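Since this is a predicted model, take the numbers as computed values, not measurements. Just so it is clear: chains get the letters A, B, ... in the order the sequence lines come, proteins before strands, and each one is counted from 1.
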There are 2 protein chains.
Amino acid sequence: MLPYARMNLAQQEKITAQCVLFKDLSPEVCRIVLQNGRFMSVNQGEYFFHQGETADTLYVILNGRVKLIQLTDAGQQVIVNYFGAGAGLGIIVALSNIPYPLSAEAVEACTAVAWNKDTMKQLMRQQPQLAFNGLEMIGHRFAQLQKRFQDISTQRVEQRVARALLRLVRQFGKRIPQGVLLDMPLSREDLAQMTGTNLYNVSRIMSKWEQAGIIGHDHRKVILCKAHELVLIAEDLDILDRSPKK
Amino acid sequence: MLPYARMNLAQQEKITAQCVLFKDLSPEVCRIVLQNGRFMSVNQGEYFFHQGETADTLYVILNGRVKLIQLTDAGQQVIVNYFGAGAGLGIIVALSNIPYPLSAEAVEACTAVAWNKDTMKQLMRQQPQLAFNGLEMIGHRFAQLQKRFQDISTQRVEQRVARALLRLVRQFGKRIPQGVLLDMPLSREDLAQMTGTNLYNVSRIMSKWEQAGIIGHDHRKVILCKAHELVLIAEDLDILDRSPKK
DNA sequence: CGTAAAATTGACGCTAATCAAGGTCCGTGG
DNA sequence: CCACGGACCTTGATTAGCGTCAATTTTACG
């Protein structure tokens, strides 16, 4: 992890424009908040924080992608989410006086702004809108997690994998001639850990999709060719194509 | 739902003593906050709010138990949690400007305090500690949901049911001579909806446990006789008893 | 070009979902 | 008081889905 440094103006503008934390704050206030934070870089494979550590810092991602990982008692990994620019890390936790419940790993080289939790609390005391913005970020994350909980308790593996892909595409997809490219490192194992299954099932499912022309690949990266078909699978409405199962 | 009314003093003391929302607030401030809320009763089977409704009210439960239910697109129910006295309802959501992501049903006659979301925001602006207490409640709920997400993606059904029971016992268990009584209405279907399975599996599992003397029942209510055994099952450490499976 | 990591594919067995049939408990009304 | 109906529970049979292991192939990269 590189030492902290000052942000330049372009970076400041970027973060205030795209992060909910700065919603409805005057440029003046934004400047104060940013001055109390520290600019930092995290190399690929390094961690922002580890599960179980005392949560004393919170972050907002400027560049790069971060993987949120939970480790079970038995040592299994569960990938809770991927985050990109504008997302907050440890916001909920640092403000709740509990240890980080998961680890945050940079899957690419990342830059971020970091605040000490007490500094942020002090800022929120002075600027209640900042606290409400924090609450709003948390609310969305909470609703999203609840939806995923619902998915994993009611959907079959194939649907869960489809949904995971669609979610990633919505977050990180880039349009290319053949369709939408998921321009990020993403192994079968990763997808398995996101969907509560194993890499063998994911591999089988994706092979099937590739043969059906729904997805393709460029090097190790996934290309979504027929998004609508994947939506049908995700919604369990693809019965027409396959053998009826009820 | 009965009309709103004033709280009496005993009720006021109860809520300020047991709810995190009032932590580190002076009695004076507590009084102000409570005066801005409304006392209310909800009959068994009635709802505090429904999934999808605009979230304009937040609650703290005084008495009774509440079931949080999510409905999937396909119409399946998922029980996210049970809450009892001292817990908050809609706190996250009402402060985040998003619709309720689930429904809250009173499984017993309940009393609660309700605040309008804008009133609460105003109070939080004046008393930042109130906002931080809200954040702390949310933080615990978030960590708990993440843990359950982890469970459901890595554990087998029997372990999940064991964990669900243990969680309910910790929340609502009452000591009786034979063990710990779960003094609440709880059908096989309810347990199935909590653990992402169906009532048949739950019934089979609980029949097995009852034959092994781990649990018992009084009318329709569950009694936990050998909690330690259930913990072993929940932690997947009961291999000694059964046939080895690896 | 060689090695290690990642992905594929087949075989096998178990878990858990599903369907069907019947039983138990309870309140209600004849 | 007893018979009936409905909600809830139990149990068996069956099967699809999924996890696991093993063997092999492909891909990335030094």
Side-chain angles (χ1 to χ4, degrees), chain A residues 44-45 72 74 76-79 107 151-162 164-165 182 184-212 215-223 233 236 238-239 242-246, chain B residues 44-45 72 74 76-78 107 151-162 164 182 184-212 215-223 233 236 238-239 242-246:
Chain A
Q44 179 176 348
T72 70
Q76 263 180 103
Q77 274 197 6
V78 174
I79 297 179
V107 292
D151 284 353
I152 210 166
S153 26
T154 59
Q155 311 285 106
R156 281 171 301 110
V157 169
E158 186 172 0
Q159 296 168 45
R160 302 205 300 263
V161 176
L165 268 187
L182 251 187
M184 62 186 289
L186 184 73
S187 68
R188 308 300 187 217
E189 177 75 46
D190 288 333
L191 272 168
Q193 292 179 357
M194 293 179 75
T195 51
T197 182
N198 57 49
L199 71 164
Y200 307 107
N201 283 321
V202 173
S203 179
R204 266 181 253 275
I205 289 168
M206 294 191 63
S207 294
K208 193 176 72 179
W209 288 346
E210 187 149 10
Q211 284 190 359
I215 61 173
H217 66 99
D218 179 31
H219 299 280
R220 278 276 151 84
K221 288 169 180 171
V222 178
I223 299 170
I233 294 171
D236 200 19
D238 60 327
I239 323 139
R242 297 174 303 142
S243 59
K245 50 163 201 266
K246 259 207 172 170
Chain B
Q44 179 176 348
T72 71
Q76 262 180 103
Q77 275 197 6
V78 174
V107 292
D151 284 353
I152 211 166
S153 27
T154 60
Q155 310 286 105
R156 281 171 302 111
V157 169
E158 187 172 358
Q159 296 168 45
R160 302 205 300 262
V161 176
L182 252 187
M184 62 186 290
L186 184 73
S187 68
R188 309 298 185 214
E189 177 73 46
D190 288 333
L191 272 167
Q193 290 179 359
M194 293 179 74
T195 52
T197 181
N198 57 47
L199 72 164
Y200 308 108
N201 285 322
V202 173
S203 178
R204 266 182 254 275
I205 289 168
M206 293 191 64
S207 295
K208 194 177 71 178
W209 288 346
E210 188 149 8
Q211 286 190 358
I215 62 172
H217 66 99
D218 179 31
H219 299 281
R220 279 277 149 84
K221 287 170 179 170
V222 178
I223 299 172
I233 294 171
D236 201 19
D238 60 327
I239 323 138
R242 298 173 303 143
S243 59
K245 48 163 204 266
K246 260 208 171 170

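Residue B/Ser203 has no polar side-chain atom (N or O) positioned under 4.0 Å from OP1 or OP2 of D/dC9. For the pair B/His219 and C/dC26, the criterion of a side-chain N or O lying under 4.0 Å from OP1 or OP2 is met. Put simply, A/Thr197 has no side-chain N or O that comes within less than 4.0 Å of OP1 or OP2 on D/dC18. Applying the 4.0 Å criterion to OP1 and OP2 of C/dA16, one finds that B/Asn201 has every side-chain N and O outside that range. Phosphate proximity of C/dA7 to A/Ser207: absent, as no side-chain N or O sits under 4.0 Å from OP1 or OP2. For the OP1/OP2 pair of C/dT8 and a distance below 4.0 Å, the side-chain nitrogens and oxygens of A/Arg204 include no atom meeting the criterion.
One can place CG of A/Asn198 at 13 Å from P of C/dT8, the figure rounded to the nearest angstrom. Whole-Å rounding puts the A/His217 NE2 to C/dA6 P distance at 17 Å. One can place CZ of A/Arg188 at 10 Å from P of C/dT9, the figure rounded to the nearest angstrom. Here C/dT8 presents its P atom at 13 Å from CD of A/Glu189, a figure rounded to the nearest Å. Residue A/Arg160 contributes atom CZ, which lies 12 Å from atom C1' of D/dG19 at whole-angstrom precision. In this structure, B/Asp190 places its CG atom 13 Å from C1' of D/dA7, rounding to the nearest Å. Per the geometry, CH2 belonging to B/Trp209 stands 16 Å off C1' belonging to D/dC9, to the nearest Å. In this structure, B/Glu158 atom CD and C/dA16 atom P are separated by 8 Å, rounded to whole Å.
Here C/dA17 is the nucleotide among C/dA17, C/dA7, D/dC9 with the atom lying nearest to any side-chain atom of B/Val157. Of the candidate nucleotides C/dA16, C/dT9, D/dG17, D/dG17 has the atom lying nearest to any side-chain atom of A/Arg156.
Panel note: side chain B/Arg220, backbone B/Ser187; no donor-acceptor pair is recorded below 3.5 Å. Formation of a donor-acceptor pair under 3.5 Å by the B/Arg188 side chain with backbone atoms of B/Ser203 is not found in this model. Checking side-chain atoms of B/Asn198 against main-chain N and O of B/Asn201 turns up a donor-acceptor pair under 3.5 Å.
A heavy-atom distance below 4.5 Å is found between the side chains of B/Arg156 and B/Gln159.
Toward the 5' end of DNA chain D, the nearer of the two residues A/Asp218 and B/Val202, judged by each one's closest nucleotide, is B/Val202.
Here the shortest heavy-atom pairing between B/Ala164 and B/Met194 reads CB-CE, 4.4 Å.
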